[in-house]
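Please read the structure below before turning to the comments.
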Amino acid sequence: MPLRNQSRLSLAFLVLALAVFAYGCSGKRPPALATSAPGEEGSPTAGRTAPAPVEPIEEGPDVRPIEGEGASGSDIPGGALAGEGGPLADIRFELDSAALTDEARTILEKHALWLQGQRELRVIVEGHCDERGTVEYNLALGEQRARAVRDYLASLGVAAARLKVVSYGKERPLDPGSDEAAMARNRRAHFNVR
Amino acid sequence: MSRPHSVWPGGVLSGCVVVAALVSLAASSPQEPAPVEQIVIGGVTPRFAVPECVPHTADPASQAACRTITQVLRADLRFEGLFQFVPESLMNAIPPLDPLAPRFDDWKGIGAKILVATQAQIVSNELQVEVRVYFVDSGQPMLQRRYSGKTDNPRSFAHQASDDIMTLTQYKGVARTRIAFVSDRDATKERPSKELYIVDYDGFNPRRVTVNASLNILPAWRPDGAALAYVSYRQGTPLVYLAKIFEGQSVANLSGERGDSSAFSPTFSPDGKSLAFASNRSGSMDVWVSSAEGAQPRRLTTTGAKDTAPCFSPTGQEIAFTSDRTGTPQLWQMDSEGLNVRRLTVGSGNYNDGCAWNPAKQYSEIAYTARLEAGGFDIAIIDLATRQVRQITQGRGSCEYPSWAPNGRHLVFSCARNRRWELTIADRDGRSFQTLATGPGNNVQPDWGP
């Protein structure tokens, strides 16, 4: 019977959704910082060399959860509303530049309109770079790119308080490739909607 | 050994290894043997003989410990780049060493100036090692030490012995130093994380520091070796954290960012009292300085340009940093109050970043990452007196992010070859290179610690 099949399907979907939810939750354990004692379980070199005889450096608890610091959304790239095809498409940049191109401005004007219709949404503007620069300068460049996007959106009437700037430098490329096309995709401002 | 937590193996030794000078003839003898450095200054590098460690007892455990100690001690002394060594083939040609009564004529005969005799044994689950360093010409012992401790890492005994032998020179040894770095080795498809790790200077004993599955980057040792400042995205915004590595605890937002501002590139002053970092809290990326705990933040750069990546001079009185105020990223220098600003890199490429000031005062120079040719980056060093630039890496793939060994004689940096990043060490002349096998993944952003 079609109806029963459908409900079975929905049930399966529900189970799957719960599983995904549970997985997601388990992935959101509060992060923590710990010192691995040398040669401890899971030490990457176990077997290669004997562990160092570390004497009681008082080890704190392995886990020290920091309140409310569950893995933030910005750690998981993409989101239904962002990226290619979504209402908040990435903004591309020229090499070693944080200047908004005409094309970028046109896209941002559409983004601003859309955001004004979604006043409950807050947006993290991520600035990214291609792999060609150095680590530290790219972090500054990514920050400048994200700030340029935020400032332009704010000038178009999106409340600045809804927009947060985060630079990833070259630490989170969208495309792992190293050809021109990949690097062009990586020089971007990405929107993360909360 | 005055700083109990200074180094991991050091912590070991201060905690459970008894270091005893058996005899200090070198100090009390009327005919004081010449310290090694005098030979160095005399123009001839001293020729070391480091024969096989002699096990006190013939049990397999003692023999195995001895083998490791020989191998690691030789590698440590060789790494320092100060000595020549008698080849093994020659040492095999003379009668085996009697560590307590060496036949010095034999050793003289094969050209040895300095003889390093080691003995080891495992007694009731304790490794005991004795090291005697003899001046071959006079037969005088220069150094005699006994170490004892847990049996599970003989490498740390060799490292300690190497550093003790280095006290006979004008340089501090690096055998017990460690390097902090960033790796994606524990990343998964769902969590493209980067974590901090610590490894012995020779690439052994990698240990994971952060376990938060976020992005953790830009580690910087606190000079006491007990903590690392770094940048983490675990709260969404990149902020400076302090990892107390022996306590497994972290301090969040060390630089005191408020609202949505971010901070990058933390670095401690050599005395450990100040923290310099880059922050965008004023609306643009600037270099700031605060106390090591983040108190009294002061903005040092005030241009609207991107000012970032600070590094302290050995005295702590000067700070170099990267700025694109003239259009391209270049190294600049200012005093620690932000005054007397001048450009350092002129005419050596259009992209220079990531300064690392040589911590040894006798070398007035700064290493950095330079795009000298189209395509990739190389490590370069600028001499601060002459402004001469020497290129350290060439044709090793793209290399970046240099950091000095505490004695200023070696550099560690990261190079990409075939799209994989690995830590690489070079001497300050750029003559010898070695890739550190620290483990899988991309290994980047090294910071050489105490």
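What you see below is based on every heavy atom in this structure, not just the backbone, and it leaves out hydrogens, waters and symmetry mates. Each chain gets a letter, A, B and so on, in the order the sequences are listed, and its residues count up from 1.
- Proximity to chain A is limited to the side chain of B/Gln445, based on heavy atoms less than 4.5 angstrom apart.
- Of the listed residues (B/Ser398, B/Ser414, B/Gly376, B/Ser284), the greatest number of heavy-atom pairs within a distance under 4.5 Å of chain A belongs to B/Ser284.
- Within the model, atoms OH of B/Tyr351 and CG of A/Asp96 stand 6.0 Å from one another, a figure rounded to the nearest 0.5 Å.
- Contact annotation for B/Ser262: only side-chain heavy atoms (C-beta onward) come within less than 4.5 Å of a heavy atom of chain A.
- With hydrogens and angles ignored, the 3.5 Å screen pairs a side-chain donor or acceptor of A/Arg147 with a backbone N or O of B/Gly283.
- Here the straight-line distance linking atom CG of B/Asp260 with atom CD1 of A/Ile124 works out to 8.5 Å at 0.5 Å rounding.
- To the nearest 0.5 angstrom, A/Tyr137 atom OH is 7.5 Å from B/Thr328 atom OG1.
- Neither the backbone nor the side chain of B/Leu127 comes within contact range of chain A; no heavy atom of the residue lies under 4.5 Å from a heavy atom of that chain.
- Other residues, nucleotides and ligands place no more than 12 heavy atoms under 6.0 Å from the CD atom of A/Glu94.
- Atom CG of A/Leu141 is separated from atom OG1 of B/Thr308 by 11.5 Å, given to the nearest 0.5 angstrom.
- Surrounding CG of A/Asp102 are at most 12 heavy atoms belonging to other residues, nucleotides or ligands under 6.0 Å away.
- Using a cut-off of 4.0 Å between Lys/Arg side-chain N and Asp/Glu carboxylate O, B/Glu400 and A/Arg132 are scored as not salt-bridged.
- With a 4.5 Å cut-off on non-hydrogen atoms, A/Glu143 touches chain B through its side chain but not through its backbone.
- Shown are B/Asn352, B/Asp353, B/Thr369, B/Thr322; of these, the side-chain hydrogen bond (donor to acceptor under 3.5 Å, both in side chains) with A/Thr134 is made only by B/Asp353.
- Taking every heavy atom of both residues into account, B/Arg419 and A/Ser178 meet most closely at NH1-CB, 2.9 Å.
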Checklist line | Working for side-chain contact (heavy atoms from CB on, under 4.5 Å), residues B/Ile217 and A/Leu139 | finding: CA-CA 11 Å; B/Ile217 57 174; A/Leu139 286 164; 3.9 Å; yes
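- Using a 4.5 Å cut-off between heavy atoms, B/Ala309 touches chain A through backbone and side chain atoms alike.
- Between B/Lys306 and A/Glu136 there is no salt bridge, since no side-chain nitrogen of the basic residue lies less than 4.0 Å from a carboxylate oxygen of the acidic one.
- Within the 4.5 angstrom heavy-atom criterion, only side-chain atoms of B/Leu218, from C-beta onward, approach chain A.
- Here the closest non-hydrogen pair linking B/Pro238 and A/Ser167 is CG-O, 4.0 Å.
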